[in-house]
Colleague: 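Dumping the structure here so I can ask a few things about it.
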Amino acid sequence: MGFLYRSTRNENETATASEAILKGLAEEGGLFVPDEIPALDVPFEVLAEMDYKGVAYEVMSRMLTDFTEEELKYCINGAYDSKFDTELIAPVKYHHGAYILELFHGKTIAFKDMALSILPYLLTTAAKKNNIDNEIVILTATSGDTGKAALAGFADVPGTRIAVFYPKNGVSPIQEKQMVTEKGKNTFVAGITGNFDDAQTGVKKMFSDKALAEELAANGFQFSSANSINIGRLVPQMVYYVYSYTRLVAAGTIKAGDKINVVVPTGNFGNILAAYYASLMGLPVNKFICASNDNKVLYDFFTTGEYDRNRDFILTTSPSMDILISSNLERLIYRIAGNDATKNAELMKSLSENGKYEITDEMKKNLYQFYGNYATTEEVSETIRKVYDEDGYVLDTHTSVAVAVYDKYKEETGDTLPTIIASTASPYKFTRSVMTAIDPSLDSKEDFELVDELEKVSQVKIPQAVEEIRTAPVVHDTVCDKEEMEAVVKKFLGI
Ligand SMILES: *Cc1c(COP(=O)(O)O)cnc(C)c1O
């Protein structure tokens, strides 16, 4: 029966794939990592003939070894259906000298839908497999996009409830409206008076609180996570890298086996880690280009080998990347430390106590495939305008960070390999920043007037996700301190 998942902080804590998905986080704050990443033993030419679901099955079945074929196909078929506005699910488009992988065609128009439309299926299937009778309570911290995507995925799913915490002043107006208008009866949303890191730290604290877990269990509940610390998020994210590569093979742009670069606008390091895991499975990647905004803690890390979160948290026009503690980097640290839980736990202790850690030269050598850089808010606007002027294609602010960093990478290295850029959100989610980048005089307009302007300039129809919140009533209006998070969760659960 395949390999196990193991905690990054305790080599003796293991779980099957379904148990790891149910738990979300390992004990003592560790993350589950696969003991091995099996080779994807299907030729790329064969994958190139499959649709998204077919590729998803091949990739996910290698990683989630205790799911049966029937269970996994049920999950995949339920997730990647007409909730997406294109049968391609994740179309690849050529603009500005790169292959833009559009990951925003799901229900909430951000790439989080790629994993969060399947996570509820994986989680409820995992609960059944493991004879869990408790109601599963999803606790989620969001920098803006995970929140709505998780709410949409879990809304009214029997046997589950979901609580979402977002930074009250740290998300775009459209992102906030999407969340606070969520109608699902099992949902709860609260803004916190703090930033994303505060929300994420608060959620992680609740996860590792044993007394709280016991109190929940006594009332028939247990926590799980919809954040990218859950391997049920990461594994579905590996799929689209393989999928997009095989679309380039199908189009004759590359030959099976040719190397490509991958550029990922990065926050919590989940999306780029999924690309790295896909490469360990056999995807031929030359460089993983990690693009940051002004919160450039990862750029500094890749440049110096020191991770240091002691700095000001900057609110940018790419709020979903406004993060100083990139949780999933821990999985990479564990790996470059030679899968050494003790060493990793030491570094993470230093991060929580001193806000920083430094890796050894030996570990740094293992990062040779990673390139980090960042784009300032000004560069993000310029890039949106530049790409729009070229051929009328409108980037969102996060994708623009990636494009700007890719331009820097090319300039620095002269590397001309075919390159896939993960496009993580629709520009409709960040209309004000996007439209004022194209035409600064539009700043005086209302948010939904800007939506209409964007439709005019982009010639892309306004997505359903935006239409439906124009007039929707606010359902959730809780705002709390980070210290109150536990109390409001208990209130939501009635305990
Ligand atoms: C979440 C998000 C990111 C960052 O992804 P990570 O997996 O956290 O690195 C980038 N762009 C958008 C639009 C997002 O929603």
Side-chain angles (χ1 to χ4, degrees), residues 21-25 29 107-108 110 112 115-117 119-120 122-124 127 132 134-168 170-171 175-230 232-233 268 320 327 474-495:
I21 289 172
L22 274 169
K23 285 191 177 160
L25 202 63
K107 242 178 159 174
T108 76
K112 305 295 197 292
L116 283 164
S117 39
L119 185 64
L122 294 174
L123 201 81
T124 49
I132 302 288
N134 285 338
E135 208 169 332
I136 312 271
V137 181
I138 307 295
L139 275 190
T140 298
T142 182
S143 56
D145 288 331
T146 292
K148 182 60 183 189
L151 289 164
F154 282 97
D156 300 320
V157 173
T160 72
R161 296 200 201 185
I162 171 163
V164 168
F165 293 93
Y166 71 94
K168 177 67 191 156
V171 300
Q175 285 179 314
E176 180 168 38
K177 186 105 197 258
Q178 280 188 305
M179 289 188 275
V180 298
T181 56
E182 171 59 48
K183 293 195 289 282
K185 291 197 180 50
N186 60 341
T187 65
F188 172 80
V189 178
I192 66 157
T193 52
N195 59 37
F196 170 74
D197 289 328
D198 296 324
Q200 175 157 263
T201 304
V203 162
K204 279 194 180 173
K205 216 163 97 195
M206 281 190 263
F207 272 121
S208 43
D209 184 337
K210 289 218 170 79
L212 182 60
E214 279 168 23
E215 196 179 344
L216 251 70
N219 288 280
F221 295 112
Q222 71 185 61
F223 284 142
S224 187
S225 166
N227 279 103
S228 56
I229 50 179
N230 192 322
R233 282 275 302 273
N268 224 2
S320 303
S327 291
V474 171
V475 184
H476 306 274
D477 58 3
T478 304
V479 178
C480 68
D481 276 354
K482 59 183 178 191
E483 287 77 21
E484 294 170 323
M485 288 168 66
E486 181 178 329
V488 299
V489 168
K490 282 194 186 170
K491 187 162 167 233
F492 164 55
L493 299 177
I495 60 176

Colleague: Provide the closest heavy-atom pair for Gly194 versus Pro167 in the form atom of the first, atom of the second, distance.
Modeller: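 Heavy atoms of Gly194 and Pro167 come nearest at O-CB, 3.2 Å.
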
Colleague: Could you go through Phe223 and Val203, starting from their C-alpha distance and side-chain angles, then the distance that decides it, and tell me whether this counts as side-chain contact (heavy atoms from CB on, under 4.5 Å)?
Modeller: CA-CA 10 Å; Phe223 284 142; Val203 162; over 6 Å; no

Colleague: With a 3.5 Å cut-off and no angle check, do the side chains of Ser320 and Gln175 form a donor-acceptor pair?
Modeller: yes

Colleague: Surrounding NZ of Lys204 (heavy atoms of other residues, nucleotides or ligands, distance under 6.0 Å), is the total greater than 12?
Modeller: yes

Colleague: Quick check for you: to the nearest 0.5 Å, what is the distance between Thr187 atom OG1 and Leu151 atom CG?
Modeller: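 Output value for this atom pair is 6.0 Å.
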
Colleague: Under 3.5 Å, side chain of Thr201 to main-chain N/O of Asp198, donor-acceptor pair present?
Modeller: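 No, Thr201 side chain to Asp198 backbone: no donor-acceptor pair under 3.5 Å.
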
Colleague: Checking Val157 against Thr124 for the side-chain contact (heavy atoms from CB on, under 4.5 Å) test, could you report, in this order, the C-alpha distance in whole Å, the side-chain angles of both residues, the deciding distance, and whether it holds?
Modeller: CA-CA 9 Å; Val157 173; Thr124 49; 3.8 Å; yes

Colleague: Please answer whether the main-chain N or O of Gly184 pairs with a side-chain N or O of Asp156 as donor and acceptor at a distance below 3.5 Å.
Modeller: no

Colleague: Only counting residues at least two apart or in another chain, list the ones meeting side-chain hydrogen bond (donor to acceptor under 3.5 Å, both in side chains) with Lys23.
Modeller: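 side-chain hydrogen bond (donor to acceptor under 3.5 Å, both in side chains) check on Lys23 returns nothing, list empty.
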
Colleague: Does Ser224 have any side-chain contact (heavy atoms from CB on, under 4.5 Å) partners at least two apart in sequence or in another chain, and if so, which?
Modeller: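 With sequence neighbours excluded, Ser224 shows a side-chain contact (heavy atoms from CB on, under 4.5 Å) to Leu123, Ile136, Ile138, Asn230, given in chain and number order.
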
Colleague: Measuring from Ile192:CD1 to Lys168:NZ, what's the distance to the nearest 0.5 Å?
Modeller: 12.0 Å

Colleague: Of the non-hydrogen atoms in Ala149 and Lys112, which two are nearest, and what is the gap between them?
Modeller: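 Closest pair (atom of Ala149, atom of Lys112, distance): CB-CB, 3.6 Å.
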
Colleague: Please confirm whether the backbone N or O of Leu119 pairs with a side-chain atom of Arg233, one donor and one acceptor, at under 3.5 Å?
Modeller: no

Colleague: Roughly how far, to the nearest 0.5 Å, is OG1 of Thr142 from CE of Met179?
Modeller: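 Rounded to the nearest 0.5 Å, the CE-OG1 separation comes out at 5.0 Å.
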
Colleague: Do the non-hydrogen side-chain atoms of Val171 and Phe196 ever get within less than 4.5 Å of each other?
Modeller: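 Answer no - side chains too far apart.
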
Colleague: Could you verify whether a donor N or O on one side chain and an acceptor N or O on the other, from Gln200 and Ser327, lie under 3.5 Å apart?
Modeller: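 Yes, a side-chain donor-acceptor pair sits under 3.5 Å.
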
Colleague: Under the salt bridge (charged side-chain N to carboxylate O under 4.0 Å, His left out) rule, collect the residues that match up with Lys148, sequence neighbours excluded.
Modeller: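 Salt bridge (charged side-chain N to carboxylate O under 4.0 Å, His left out) list for Lys148, sorted by chain: Glu182.
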
Colleague: Backbone N or O of Ala190 within a donor-acceptor pair of the Thr478 side chain at under 3.5 Å?
Modeller: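 The answer is no, because no donor-acceptor pair under 3.5 Å joins these two groups.
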
Colleague: What pair of heavy atoms forms the shortest contact from Ala110 to Asp145, and how long is it?
Modeller: CB-CG, 3.6 Å

Colleague: Identify the heavy atoms of Pro120 and Gly153 that sit nearest to each other, and give their distance.
Modeller: CG-O, 3.2 Å

Colleague: For the side chain to side chain contact (heavy atoms under 4.5 Å, CB included) test, which of Leu139, Ile162, Val488 pairs with Phe188?
Modeller: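 In the set Leu139, Ile162, Val488, the residue that makes a side chain to side chain contact (heavy atoms under 4.5 Å, CB included) with Phe188 is Val488.
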
Colleague: Within this structure, what is the OG1-CZ distance for the pair Thr160 and Phe154, rounded to the nearest 0.5 Å?
Modeller: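 Interatomic distance, Thr160 OG1 to Phe154 CZ, rounded to 0.5 Å: 6.0 Å.
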
Colleague: Not counting sequence neighbours, which residues clear side-chain contact (heavy atoms from CB on, under 4.5 Å) with Glu484? List them please.
Modeller: Cys480, Asp481

Colleague: Run the salt bridge (charged side-chain N to carboxylate O under 4.0 Å, His left out) test against Lys210 and tell me which residues pass, sequence neighbours left out.
Modeller: Glu27

Colleague: Let me see the working for Lys482 and Thr193 under side-chain contact (heavy atoms from CB on, under 4.5 Å), right down to the final yes or no.
Modeller: CA-CA 7 Å; Lys482 59 183 178 191; Thr193 52; over 6 Å; no

Colleague: Whether Glu486 and Lys205 form a salt bridge (side-chain N of Lys/Arg under 4.0 Å from carboxylate O of Asp/Glu) is what I want to check.
Modeller: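 Glu486 and Lys205: not salt-bridged.
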
Colleague: For the atom pair NZ (Lys490) and CG (Leu216), what is the distance rounded to the nearest 0.5 Å?
Modeller: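 Rounded to the nearest 0.5 Å, the NZ-CG separation comes to 8.5 Å.
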
Colleague: Decide yes or no for Thr140 and Thr146: does some side-chain heavy atom of the first lie under 4.5 Å from some side-chain heavy atom of the second?
Modeller: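 They are in side-chain contact.
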
Colleague: Residues in side-chain contact (heavy atoms from CB on, under 4.5 Å) with Asp197, at least two apart?
Modeller: Asn195, Phe313, Ile323, Leu324, Ile325

Colleague: Working note: Gln222 + Val137, criterion side-chain contact (heavy atoms from CB on, under 4.5 Å); need CA distance, chi angles, decisive distance, verdict.
Modeller: CA-CA 6 Å; Gln222 71 185 61; Val137 181; over 6 Å; no

